[in-house]
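No hydrogens, no waters, no symmetry mates; every other heavy atom, side chains included, goes into these values. The residues of the chain are indexed from 1 along the displayed sequence.
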Amino acid sequence: MSTTSEPGLRVARPPRPEAPGANYPFSAVLGMADMRLALLLNAVNPAIGGVLVRGEKGTAKSTAVRALAALLPPVVRVADCRFACDPQTPDPGCPDGPHPAVPATERRPAALVELPVGAAEDRVVGSLDLERVIADGVRAYEPGLLAAAHRGVLYVDEVNLLHDHLVDLLLDAAAMGRCHVEREGVSVRHAARFLLVGTMNPEEGELRPQFLDRFGLTVEVTASRDPAVRVEVVRRRLDADADPAGFAARWAGEDAAVAGRVAEARARLDRVVLTDAALRQIAEVCAAFDVDGMRADIVIARTAVAHAAWQRRDRVSAEDVRVAARLALPHRRRRDPFDPPGLDEQRLDEALNRAQEEHPDDPDDSTGPGRDPGDDAGPDGGPGGGTTPDGGPGGGTGPGGAGDPAGDTGTEPDTGSTAGIHPDGGTGSAAEPSDPDRPAVPEDGASPSAHPSRDAHPGGVPHPVAAPQLGLRARLFTVPGIGEGVPGRRSRARTGRGRTTGARVPAGRLGALHLPATIRTAAGHQVARGRAGGPLRIHPADVREAVREGRAGNLVLFVVDASGSMGARQRMSAVKGAVLALLTDAYQRRDKVAVVAFRGAGAQVLLPATASVLAASTRLAELPTGGRTPLAEGLLAAAELLRVERLRDPRRQPLTLVLTDGRATAGADPLPRAARAAAVLRATGAPCVVVDCESGPVRLALARRLATQLAAAHHPLPTVTTAPLAALATAGFAAERSVR
C-alpha cells in the first residue's frame, strides 16, 4: 500500500493541542523545591528525559507542569508545517515535506500537549482518515498528539492509569524520537521529540518498571504541614481565582526572570566541563545503589551538567552530582512494587566520599572558574541575591523572598514514602511495625503468641504476627468466559488489542477497520448502486469494525480472616505471605485490588478498590489478629463493596479471594448467618475462590463447606503459592468436588 512518499497521500490538519487554560504563574507555586528544580533542569536540557512527579492529591503537581510551558523559549518552525520541523535541520521524512532549502519560518510558543488517560490509540499516534477515504477516495493521514508535542512538552496527568498499549506507544516514541504509524495499509513516520512530564498519585497504582525507567528524573511531593505555608498557599489560590489577570501580572516579573535564566543556562550548557572526577563519582554512586543498566549514569551526568549551568558554573561539582543523583535514582532502585520509594542520602554521601578518597589527587571541583562568587543557590534554583523560582528577589520581602513563610531557600529533604511511618510517629519496616508495646518476633520465627494463645482473647485484643515470607510465586486465578473488560493481563476479554475474532457495526468512532467484512458487506449492494465496473462502491454503512480478543484486568477482592483462630500456629504469617504473592501477581497483570478484613465483632474495608498494591501490602502488614470470627459480616462487606464497584467501574470484572479457615464464632447463630451471607455474595455473580487456611492434624473442613455454599473453587493455602500452574475460578468448579 501507500507510503508517505507516494502521490495521493495527503496529510490532514493535526489536532490542536489541548488548551491548558489560564496558567497559574510558575513562580507563584509555593514550596515543592525538588519538583520545580527537576522541571527547570529538564527545560535547560530536554535530553535528560523528562520528569515523573509522584505525590498525594492536591499538591499543585498539574499546576506547576502547566505553568512550565510559559517559561520555555519559543520555537522557530517551518511555516505551515504541521509537524513543527526545525528550519535549520528539517526532518527529511516529514509527511509535510520535502521542505525548501530556505523555508519560510514562524515563531510560536512551545507547545504543551496534554494526553488524556482515556485517549484512543489513533488519537495518540494518528491514523488513516477513513471518512475521507470513503467520501473522497483519498488516503489521508490524520496526525495525533505525538506530532503536536514535537519540540514541546507532552504532559500525562495520572500517567499510572494509562492503558498498557498507550504506554508502549509512548515508550517507543520517547526512545526513538520518532513516531511510526502502521495502520490500515498506510505507513507514516515523523519526528516526535518532546519533554515527557507525568504526574501520578501512588495510591492509585504504580507504573510498570519499563516505563518508570524512561523518566529521567522523579520527585516526591507532599503538602506542607506548616500552617503559615498552608495559609499563604490558600491566599495565593484565592487571589488567582478572584483576579487571574492581575495575579499573573504581579508575578510576571519573576516568571520572566526565571525564563531568562533558563535561556541563559541553555546557552551555557555546551561550555560546562564534566570532569573525570565527576564521572567517577557518578559511576561510584550508581554501583553503590546497584541500579540496572547504564541509563542512570547517563541521566545523572546530563542532569549534573544542567545543574551546573543553572547555577552559572562552568564545571560540574560534587554537589551537582549529588543533586542529580537525588533526582535520578529513587525510582531506579526499586526491585518490586513493595519496595518503598526514596533514596538513602547517607548512603549517597558515603558513595561520593568513597569516590573522592579513592582518587585523592583529583582536583576539587566544588568551585570552578564559571562560578559567580555571590552564587549561593539551593537546588530550587534561586541564587543568593537573585530571583528564585518561588518568585521575588532572594533576601527581599516580596512574594517568595525572605518574607515568604515557606522559607524555601535550600534543599527540601527527600522524605520518600510514608509507608513505614506508623501512627505513633515511629518508623520501621511495613511488615514489622515498630510499636515498643508489642512483643518482638523471636529470631527463630516463632509467633509471639506461641506462649499465650491468641484464642485466649475473645475480646478482640490485637496481636502482631510473624513477618510473612516474601518472594513466593502465586497461582494464576482467572475469571471464566470472555468479558468486556479494560485492557490488562489476567482474564480473557474483548478489548481494543489482541487477535481479531470477528467484525461488528461500529457503535461510535471507528476503531480498527475489518477490511474483509467491509468488502463482503458492500459486495451485495453493487448492482443496486449501479456499478458496472471499476472500483468497488463503498458507503459508510458498509464499514465494519474488528472485534479483538485480548486480556483484561480485574478487580481482585481479598477477604481476609484476621480472627484469633487465624493467629495460631503461624497461620496469619502464611496468609500474609500468600496475599503478598497474589498482590505481586495483581500488579503484574494490571489489576485493581481491594481488601476486606473481619475479626472481633465486624468487618472493615481496609482498602477500597485501587491499583496501588503498595498501599494494599502496607495495610495488610499492619493488620493485627485476635477476637472471634464474624464470617457473615466479612462476606456481606465483600458483597457490598462489589455492588458499589460495579456501579463505579462496570467494565472491570471482579474476582473474590476469601482467605479463611471457615470458622464462624461471632454473634447469634454464626454458622447459619454465614450460610445466608454466602448466598448474598454468590448472588452478585462474582467468581470466588476460597483459600483454606486450616492447618493441623484435626481439620473440620469448614472452608470446603463455605466453598460449596459460594459455588467457588477451593484451594488449600500451601497450593496457592507453590503450584505454578493456572487455575480457573469457575462457578461450580469446586462444588462438585467439595464433598470428597
Side-chain angles (χ1 to χ4, degrees), residues 1-2 12 15 116-142 144-145 161-169 181-188 478-529 531 535-555 589-591 646-655 685-687:
M1 296 294 289
S2 170
V117 171
E121 180 178 343
D122 56 354
R123 173 66 170 153
V124 177
V125 300
S127 65
L128 185 68
D129 191 339
L130 293 175
E131 295 180 359
R132 295 191 60 192
V133 170
I134 295 173
D136 303 334
V138 176
R139 291 189 299 272
Y141 171 66
E142 182 181 0
L145 294 177
L161 303 182
L162 206 62
H163 291 314
D164 275 3
H165 67 286
L166 296 182
V167 170
D168 293 334
L169 295 174
V181 185
E182 294 281 355
R183 295 178 65 91
E184 292 86 30
V186 172
S187 176
V188 176
T478 61
V479 174
I482 303 176
E484 294 280 350
V486 297
R489 297 182 178 179
R490 182 174 295 276
S491 305
R492 294 174 60 191
R494 295 182 180 92
T495 63
R497 296 180 65 85
R499 62 188 183 92
T500 301
T501 60
R504 63 186 174 191
V505 177
R509 181 182 174 88
L510 179 66
L513 174 68
H514 196 295
L515 186 58
T518 300
I519 294 175
R520 284 196 302 267
T521 304
H525 303 284
Q526 297 306 297
V527 175
R529 293 171 186 171
R531 175 177 176 261
L536 195 68
R537 295 186 179 182
I538 300 178
H539 289 182
D542 301 330
V543 175
R544 294 296 181 267
E545 183 179 51
V547 176
R548 293 177 174 173
E549 181 183 317
R551 292 283 172 176
N554 297 113
L555 167 62
R589 300 185 188 282
R590 316 306 294 168
D591 296 320
R646 182 168 283 126
L647 296 175
R648 291 178 177 173
D649 193 357
R651 296 185 61 212
R652 190 178 292 271
Q653 293 181 288
L655 175 64

For R646, side chain to side chain contact (heavy atoms under 4.5 Å, CB included) partners two or more places apart
P654, T684
Write down the atom of [X], the atom of [Y], and the distance for their closest heavy-atom approach.
X: R529; Y: I538; value: NH1-CA, 4.0 Å
X: D591; Y: N554; value: OD1-N, 2.7 Å
X: P116; Y: L145; value: CD-CD1, 3.9 Å
X: P506; Y: V543; value: CD-O, 3.5 Å

Distance (rounded to the nearest 0.5 Å) between [X] [atom1] and [Y] [atom2]:
X: L555; Y: D649; atom1: CG; atom2: CG; value: 8.0 Å
X: H539; Y: T518; atom1: NE2; atom2: OG1; value: 13.5 Å
X: L166; Y: R123; atom1: CG; atom2: CZ; value: 12.5 Å

In chain order, what residues pass the salt bridge (Lys or Arg N to Asp or Glu O under 4.0 Å) check against [X], with sequence neighbours excluded?
X: R531; answer: none
X: R544; answer: none
X: R651; answer: none

